[in-house]
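Remarks on the structure that follows.
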Amino acid sequence: MITFQIAGYLTEFTDGRAEIEIDGDAATVGEALNQLWKAHVGLRDRVLTERGQVRPHVNVFVNGQVVRRDQVLQIPIDGDTEICIMPAVSGGAWDFTTKTRRHKKEPRKNSRFR
């Protein structure tokens, strides 16, 4: 059995389901994902590019292990497998000690909006 863990906004494309189990044989993560796409068509375009590569802002973990984005689709799987699809999280952080943003942008020298 293949269990998919779907995180973040991606659950909008799985009818709100964060965990999806699929009975089926798949030799690789890519084949398992193809089975997931059949059940949840809209999810594919949020995870893969038009060329079928994992998007830069999406992380895919196999059995809790980090796998490089350019290799994950070819990773062999056997037996019970858990595949977690998670959007990457990025952005600045609030520094609670100084009560300012850590990555504060400085105004440009020639800017008239200083």
Ignoring hydrogens and angles, write down the donor-acceptor pairs under 3.5 Å from the side chains of residues 19-29, residues two or more places apart or on other chains.
residue	atom	partner	partner atom	Å
E19	OE1	Q5	NE2	2.8
T28	OG1	G30	N	3.4
T28	OG1	E31	N	3.2

Quiz item: Is any side-chain heavy atom of V62 closer than 4.5 Å to a side-chain heavy atom of T81?
Solution: yes

Quiz item: Short question: side chain of N63, backbone of E82 - any donor-acceptor pair under 3.5 Å?
Solution: yes

Quiz item: So, for V54 and V58, which heavy atoms are closest and what is the spacing to 0.1 Å?
Solution: CG1-O, 3.7 Å

Self-check item: Single-linkage hydrophobic cluster, 4.5 Å side-chain cutoff, W37 and F13 together
Solution: yes

Quiz item: Backbone N or O of L10 within a donor-acceptor pair of the R46 side chain at under 3.5 Å?
Solution: no

Quiz item: Hey, is E50 close enough to R55 for a salt bridge, meaning N to O under 4.0 Å?
Solution: yes

Self-check item: I2 vs L36 side-chain heavy atoms within contact, under 4.5 Å
Solution: no

Quiz item: Under a 4.5 Å side-chain heavy-atom rule over Ile, Leu, Val, Met, Phe, Trp and Tyr, are I83 and F61 clustered together?
Solution: no

Quiz prompt | ILVMFWY cluster, V66 and M86 together (side-chain gap under 4.5 Å) | solution = yes

Self-check item: Non-hydrogen atoms of H40 and D15 that approach each other most closely
Solution: CE1-OD2, 4.2 Å

Quiz item: Going only through I, L, V, M, F, W and Y residues with side-chain contacts under 4.5 Å, is there a path from Y9 to I6?
Solution: yes

Quiz item: Which atom pair, heavy atoms only, marks the closest approach of A32 to F4?
Solution: O-CZ, 3.4 Å

Practice problem: Compare every heavy atom of R69 with every heavy atom of P56, then report the nearest pair and how far apart it is. | Solution: O-NH2, 2.9 Å

Quiz prompt | salt bridge (charged side-chain N to carboxylate O under 4.0 Å, His left out) partners for R44, two or more places apart | solution = none

Self-check item: Ion pair R68/D70, N-O distance below 4.0 Å
Solution: yes

Quiz item: Can you tell me how far CG of L33 sits from CG of L48, rounded to the nearest 0.5 angstrom?
Solution: 6.5 Å

